[in-house]
Amino acid sequence: MTDRITVLDFGSQYSHLICRRIRDLSVYAELVPYDITAEELARHDPKGIILSGGPASVSDGDAPIPEDAVFESGLPILGICYGHQLIVHRYGGRVKRANREYGSSTLTVDGGGAGLLGGIGGSVRAWMSHGDEAEQVPRNFEVIGHTENSRAAAIASRDGPPVYGIQFHPEVAHTEQGSRILENFVLNVCKASRDWTMSRFVEEAVGKISGIEGNVLCGVSGGVDSTVAAVLIHRAIGERLKCVFVDNGLLREGESREITGIFRDNFGMNFEAVDAAQKFLGKLRGVADPEAKRKIVGEEFVRVFSDFAESRGPFRWLAQGTLYPDVIESGVSKGPASVIKSHHNVGGLPEWLDLEVLEPLRDLYKDEVREVARILGVPRSIYMRHPFPGPGLAVRIMGEVTPEKLKIARVAGKIVEDELGQAGLYSEVWQAYAAVGDDRAVGVVGDGRVYGNIVMIRVVSSTDAMTADWTRLPHDLLEKMSNRITNEIDNVTWVSYAVSSKPPATIEPQ
């Protein structure tokens, strides 16, 4: 079994970053709910435990507290931010409300605790985000680092299994030597083996999938996730796989034709395209609520697959390109974080659909999937395509999906992608698109005033989509995009550029 580090999720926006930084060390890390039972934790068999940050205070009556078994497991433990305060509280210290501290502080290493802070130097910049602090450390702990505003910014147990608490966030890029601190804990303290590689993942996944019985129906969208899932399954079971691409009428410009060509020219699979555009658009008519639109698209996908399975089967499995962030953001982890959005490929299938779910990429992040794609020989032009949401343009159109707004979103999105490509920046950003809603603004076309649509351009940089920053594009490039959109698309008068990062915003507008 692959060595793993288990991260208990207390609702921090950075919880996924902890997992990602650890996986960068070739060690498998997983995010689980903070109230995982002793039996479940034992089944995971981790080499160490990390307690994430979170918005709660340990002094709150409803503060999230894990089972005592976590602290009594004998495993190395690292508490980060809220996890640090939880350790202080659990072992008999005292936590108090303090002046909120957000941003960069200087962490001074006080000596001791070399297992965690060894090799980072005498002082580093550390990222703080907290409103509580340790007023008194537990009796059997020592302070191994402090900042100007936090006397016990890092603590370590003196005896017994190693337990560390740090007030700052080593997982964020703003903390100098943060990766080294996590490496010290994972490799030196927990003694975890560096055996999480995508080559090994491919080998094990193919072996596991080859053992399943029955035929597999795989829905493909042309995106990297479903494409890699299909190629991986095809390597394992060959002709028992049938791939179906559903044109839901919510695709990018020319996408149906492009995806059909990609699969027929590259992979040698059983592939079929289904035109269901009118069904989807009919179901969406008059619907403005974003969550309702997502659910309608998800349900209609299932119905199309069900009809296909009935007429072209028999199939035992429905395969999907579900990723780890999809699972967590949909609330399937049952952690304290709220559900961010519904995913059409997460949360199981309705009882009336007599198919089992096959999700070979369920444990992977997007950048890991791209590495799997490279190993499987998927063309780079496919696995480096920008992500496209399952509900398609339905979530890039605010309000009701109408023919006019669909056309605007398609053409404007194509202009944005084309201009990024011309500037040599398409592969340098994570995602780029154009969105449109019901807002309008006055413009001047020729000699006349026009009351037209406002188009929003969104371009972000990211590693795994759990966090993202808006991309600082050159002004002349934005000008070209804006000019083309207003000149080439009827009834568009204004173009705006989104400058919100995730969090607090999401990447898609809905």
Side-chain angles (χ1 to χ4, degrees), residues 197-248 251-277 301-302 304-323 344-345 355-364 366-388 390 392 426-427:
T197 66
M198 291 304 97
S199 295
R200 178 172 176 174
F201 169 84
V202 169
E203 180 182 338
E204 292 180 350
V206 168
K208 186 181 297 184
I209 297 168
S210 64
I212 69 173
E213 297 179 355
N215 295 331
V216 177
L217 176 63
C218 183
V220 295
S221 67
V224 61
D225 307 335
S226 61
T227 300
V228 170
V231 174
L232 191 64
I233 296 168
H234 185 255
R235 177 171 290 195
I237 65 172
E239 293 302 303
R240 286 195 288 135
L241 170 69
K242 176 76 171 186
C243 292
V244 59
F245 165 69
V246 177
D247 183 348
N248 60 6
L251 303 176
R252 288 173 286 198
E253 185 77 9
E255 189 150 28
S256 181
R257 181 177 62 255
E258 181 181 359
I259 291 169
T260 299
I262 285 172
F263 272 83
R264 289 183 175 160
D265 296 343
N266 288 279
F267 303 125
M269 300 179 192
N270 291 325
F271 173 86
E272 191 165 334
V274 174
D275 184 356
F301 264 124
V302 171
V304 171
F305 288 134
S306 176
D307 292 345
F308 188 93
E310 271 191 36
S311 62
R312 311 301 291 274
F315 296 99
R316 180 172 176 178
W317 302 87
L318 176 62
Q320 302 180 133
T322 309
L323 301 191
H344 71 279
N345 58 342
L355 291 172
E356 298 179 60
V357 183
L358 180 60
E359 297 172 319
L361 310 180
R362 187 181 177 91
D363 292 329
L364 302 187
K366 180 76 75 173
D367 54 326
E368 292 174 319
V369 173
R370 284 177 168 153
E371 176 61 16
V372 170
R374 188 191 63 78
I375 292 169
L376 292 173
V378 175
R380 190 176 190 277
S381 60
I382 297 174
Y383 69 75
M384 289 307 294
R385 293 182 83 209
H386 288 181
F388 189 63
Y426 180 87
S427 297

Please test Arg385 against Val224 for side chain to side chain contact (heavy atoms under 4.5 Å, CB included), starting from the C-alpha separation and ending with a verdict.
CA-CA 7 Å; Arg385 293 182 83 209; Val224 61; over 6 Å; no
Side chain to side chain contact (heavy atoms under 4.5 Å, CB included) between Glu255 and Phe388: does it pass, once the steps are laid out?
CA-CA 11 Å; Glu255 189 150 28; Phe388 189 63; 4.0 Å; yes
For Glu204 and Arg200: C-alpha separation, side-chain torsions, deciding distance, then whether salt bridge (charged side-chain N to carboxylate O under 4.0 Å, His left out) applies.
CA-CA 6 Å; Glu204 292 180 350; Arg200 178 172 176 174; 2.8 Å; yes
Dump the intermediate steps for side chain to side chain contact (heavy atoms under 4.5 Å, CB included) on Glu371 and Leu364, then the final yes or no.
CA-CA 10 Å; Glu371 176 61 16; Leu364 302 187; over 6 Å; no
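Using a 4.5 Å heavy-atom cutoff, the side chains of Met269 and Val231 are in contact. Inter-residue side-chain proximity for His234 and Phe267 is flagged as unmet; no heavy-atom pair is nearer than 4.5 Å. Side-chain contact check for Val220 versus Phe271: some heavy-atom pair is nearer than 4.5 Å. Taking the side chain as every heavy atom from C-beta outward, Val202 and Arg235 approach each other to under 4.5 Å. Contact of the Phe308 side chain with the Glu272 side chain is registered, since non-hydrogen atoms from C-beta on lie closer than 4.5 Å. At a threshold of 4.5 Å between non-hydrogen side-chain atoms, the residues Leu376 and Tyr383 do not count as touching. Using a 4.5 Å heavy-atom cutoff, the side chains of Glu368 and Leu361 are not in contact.
The shortest non-hydrogen separation linking Pro387 to Arg370 is CD-NH2, 4.0 Å. Residues Ala309 and Leu217 share a closest heavy-atom pair of CB-CD2, 4.2 Å. The minimum heavy-atom distance linking Ala276 with Val304 is given by the pair CB-CG2, 4.1 Å. The minimum heavy-atom distance between Pro360 and Ile209, with the atom names listed, is CB-CD1, 3.9 Å. Nearest heavy atom pair, residue Ser210 against residue Gly207, reads OG-O, 2.7 Å. Across all their heavy atoms, Asn266 and Pro379 have their closest contact at OD1-CG, 3.4 Å.
To the nearest 0.5 Å, the span separating CG on Leu232 from CG on Leu358 amounts to 9.0 Å. Rounded to the nearest 0.5 angstrom, Thr260 OG1 and Asp247 CG are separated by 8.5 Å. Summarising the geometry, atom CD belonging to Gln320 is positioned 10.0 Å from atom OG belonging to Ser226; distances are rounded to the nearest 0.5 Å. Note that CD1 of Ile262 and CZ of Arg257 are 11.5 Å apart. Values are rounded to the nearest 0.5 Å. The CZ atom of Arg312 sits 13.0 Å away from atom CG of Asn215, with the distance rounded to the nearest 0.5 Å. The line from NE2 of His386 to CZ of Arg252 is 9.0 Å long, rounded to the nearest 0.5 Å.
By the 30° and 60° cut-offs, the orientation of the rings of Phe305 relative to Phe301 is parallel.
Annotation: side-chain contact (heavy atoms from CB on, under 4.5 Å) contacts of Glu253 (sequence neighbours excluded): Arg410, Val411, Lys414.
Checking side-chain atoms of Trp317 against main-chain N and O of Glu213 turns up a donor-acceptor pair under 3.5 Å. In this structure a side-chain-to-backbone donor-acceptor pair under 3.5 Å is missing from Arg240 to Val216. Judged by distance alone, the side chain of Arg362 and the main-chain N or O of Thr322 form no donor-acceptor pair under 3.5 Å.
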